[in-house]
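Report on the structure given below.
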Amino acid sequence: MSINILGIESSCDDTSAAVVSDGFLISNVIASQAVHSAYGGVVPELASRAHQQNIIPVVDQALKIAQLSKNQIDAIAFTRGPGLLGSLLVGTSFAKGFALSAEIPLIEVNHLQGHVLSQFVHEKDNPKENPAFPFLTLLVSGGHTQIILVKDYFDMEIIGSTIDDAAGEAFDKCAKVMGLGYPGGPIIDKHAQLGNDQAFKFTKPHIPNLDFSFSGLKTAFLYTLRDKIAIEPNFIENNIDDICASLQTTIIEILLDKLKLAVKQTGINRITIGGGVAANSQLRNTLQAEADRRHWHVFIPERKYTTDNAAMIAGAGYYKFLNKEFVDISVAPDARLKF
Ligand code: KG4
Ligand code: ZN
């Protein structure tokens, strides 16, 4: 008999359900919320409302693709936090109701640990090598920018973190300043591929140790555009590719400088990346090139497992199921959940 875990992710603006069977991913359905694009960022109230509309169809679809009925699910894993409280509440309440009615165990997953463990999500017909412990994860998303020392599946330590904005926020906020849509990261990524990344210079922050800062870059970016527009009103339109390329290179240099320092300080050269910004083509290429040069062993996940998804939650839930790490029905979501 197979062990089937249903995973639920609803921490931000993606409603997702996935099924992992005996450790292999057999379905992963994601409903992204277009409603936020008009606002240049996620509107929490709209996000929780959209989760409420999406959650049942998304779960139905995930079960259908997995060709399983509700009573063939052995446990349900859900994202307890960190994230937006109203969004987390929808997934948590759904998971509790499902666990109660199907009389199966409930498993809580930390969203960030989920991103780290997305490395261990395998499709049956596409097996990959797992990174050996310990390894370093560069987790870069719209809400987080961290370097995590991963000692075991659920034994992780944050050794560097942003002191202000996340890397994804830097992409999104700068895109908003340029009048591009939301999320800005993929749009900047596209323009950057056509531009000259040395066209403009933005100063990098000087933050000690393994911590990051992106708020100064955002301000420098804003001031540069303001000064250039004063001279050339159509500056953004005329230089969009070069602006995006220069900005993106600066963000990636900031990330890689700290990663190099982390490798030096820990002596660990096995590296994984996760979070939405890990979908960035230049970050992926530059990291691979650095790895080849420095003899690092990097594990770069497929793009669909970098942004928010329930596959990583169901995968983490599978390992917790094997350890019988279940939670009581009284569990509540935690917007600032730590590990
Ligand atoms: O992990 P994620 O889906 O949600 C959070 O937990 O935040 O990450 C979303 C973030 C957004 O800031 C988005 O702009 C960024 O990931 N992102 C990218 C790319 N694709 C998504 N940033 C740069 N380049 C990309 N290709
Ligand atoms: Zn995330």
Side-chain angles (χ1 to χ4, degrees), residues 7-16 28 30-34 36-37 39-42 44 47 51 78-84 87-88 91 109-119 121 137-146 148 162 165-178 180-193 195 197 214 217-218 244-245 247-256 272-287 300-313 315-316 335-337 339:
I8 306 289
E9 158 62 34
S10 74
S11 66
C12 191
D13 60 341
D14 294 298
T15 320
S16 181
N28 183 37
I30 304 172
S32 298
Q33 304 176 359
H36 308 287
S37 63
Y39 301 91
V42 177
H51 282 306
F78 69 98
T79 302
R80 184 178 166 210
L84 300 170
S87 292
L88 292 165
V109 176
N110 180 301
H111 179 77
L112 304 182
Q113 289 191 331
H115 272 301
V116 172
L117 297 175
S118 64
Q119 267 328 305
V121 169
T137 296
L138 175 68
L139 178 56
V140 272
S141 73
H144 302 277
T145 298
Q146 296 165 333
I148 303 174
T162 181
D165 291 348
E169 250 177 310
F171 273 105
D172 295 339
K173 287 181 176 172
C174 291
K176 192 173 177 182
V177 167
M178 291 186 281
L180 304 176
Y182 174 85
I187 306 171
I188 290 179
D189 191 351
K190 267 205 188 116
H191 282 294
Q193 289 171 28
D197 69 353
F214 287 99
L217 173 63
K218 181 188 62 193
C244 289
L247 173 69
Q248 183 170 283
T249 288
T250 311
I251 294 174
I252 286 163
E253 279 176 7
I254 294 170
L255 295 173
L256 283 194
T272 77
I273 53 171
V277 180
N280 183 271
S281 46
Q282 190 181 345
L283 175 59
R284 298 165 79 90
N285 294 340
T286 314
L287 182 60
I300 300 179
E302 281 181 62
R303 281 193 168 81
K304 60 184 171 188
Y305 301 128
T306 59
T307 49
D308 287 349
N309 65 83
M312 65 189 194
I313 304 302
R336 298 181 174 277
L337 187 66
F339 59 81

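Ligands are counted one by one from 1 in listed order, and the atoms in each one are counted from 1 as well.
- The two residues G91 and I8 come nearest to each other via the heavy atoms CA-CG2, 4.0 Å.
- Distances from the Zn ion (ligand 2) under 2.8 Å pick out these protein N/O/S atoms: H111 NE2, H115 NE2, D308 OD1.
- Note: no N/O pair closer than 3.5 Å links E169 and ligand 1 by distance alone.
- Panel note: side chain R284, backbone A278; a donor-acceptor pair is recorded below 3.5 Å.
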Criterion side-chain contact (heavy atoms from CB on, under 4.5 Å) on F171 and D189, from CA distance to verdict:
CA-CA 9 Å; F171 273 105; D189 191 351; 6.0 Å; no
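- When only non-hydrogen protein atoms are considered, atom 24 (N) of ligand 1 lies nearest to N280 ND2, 3.0 Å.
- Shortest contact from atom 21 (C) of ligand 1 to any protein heavy atom: G276 O, 3.3 Å.
- When each atom of ligand 1 is checked for a heavy atom of G168 under 4.0 Å away, the hits are 12 (O).
- Closest to atom 22 (N) of ligand 1 among all protein heavy atoms lies G185 CA, 3.3 Å.
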Evaluate the criterion side-chain contact (heavy atoms from CB on, under 4.5 Å) for residue pair L180 and K190; output intermediate values, then yes/no.
CA-CA 12 Å; L180 304 176; K190 267 205 188 116; over 6 Å; no
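- Protein heavy atom closest to atom 9 (C) of ligand 1, with residue, atom name and distance, is G142 N, 3.8 Å.
- The backbone N or O of S281 lies less than 3.5 Å from a partner atom in the side chain of N285, making a donor-acceptor pair.
- No side-chain donor-acceptor contact under 3.5 Å links T79 to the backbone of E9.
- Residue contacts with ligand 1: D14 is placed with no nitrogen or oxygen under 3.5 Å of a nitrogen or oxygen of the ligand (distance criterion only).
- The closest donor-acceptor contact from the side chain of S141 to the backbone of G143 lies under 3.5 Å.
- Ligand 1 has an N or O atom lying under 3.5 Å from an N or O atom of D308, backbone or side chain.
- Atoms of ligand 1 lying under 4.0 Å from any heavy atom of G143, numbered from 1 in the order shown and given with element: 7 (O).
- In terms of modelled atom types and a separation under 3.5 Å, the side chain of Q33 and the main chain of A47 share a donor-acceptor contact.
- Less than 4.0 angstrom separates some heavy atom of P183 from each of these atoms of ligand 1: 13 (C), 14 (O).
- For a threshold of 3.5 Å applied to N or O pairs, the pair formed by F171 and ligand 1 contains no separation below that value.
- Of the possible donor and acceptor atoms, one in the side chain of N28 sits under 3.5 Å from a partner among the backbone N and O of A311.
- The shortest heavy-atom distance from P186 to ligand 1 is under 4.0 Å.
- Looking only at heavy atoms of the protein, atom 14 (O) of ligand 1 is closest to D172 OD1, 2.7 Å.
- Taking only nitrogen or oxygen atoms, main chain and side chain alike, D189 reaches within less than 3.5 Å of ligand 1.
- Atoms of ligand 1 found under 4.0 Å from any heavy atom of H115 (numbered from 1 in listed order, with element): 1 (O).
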Evaluate the side-chain contact (heavy atoms from CB on, under 4.5 Å) criterion for residues F339 and I148: first the C-alpha distance (whole Å), next the side-chain angles of each, then the deciding distance (0.1 Å), finally the verdict.
CA-CA 11 Å; F339 59 81; I148 303 174; 4.1 Å; yes
Would you check, one step at a time, whether the test side-chain contact (heavy atoms from CB on, under 4.5 Å) holds for Q282 with D197?
CA-CA 11 Å; Q282 190 181 345; D197 69 353; 4.3 Å; yes
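- Atoms of ligand 1 lying under 4.0 Å from any heavy atom of H111, numbered from 1 in the order shown and given with element: 6 (O).
- Within the 4.0 Å heavy-atom shell around ligand 1 one does not find H144.
- Side chains of S10 and S87: no donor on one and acceptor on the other come within 3.5 Å.
- With rounding to the nearest 0.5 angstrom, the CG atom of L287 is 10.0 Å from the CD1 atom of I252.
- With hydrogens and angles disregarded, a donor-acceptor distance shorter than 3.5 Å links the side chain of H51 to the backbone of C12.
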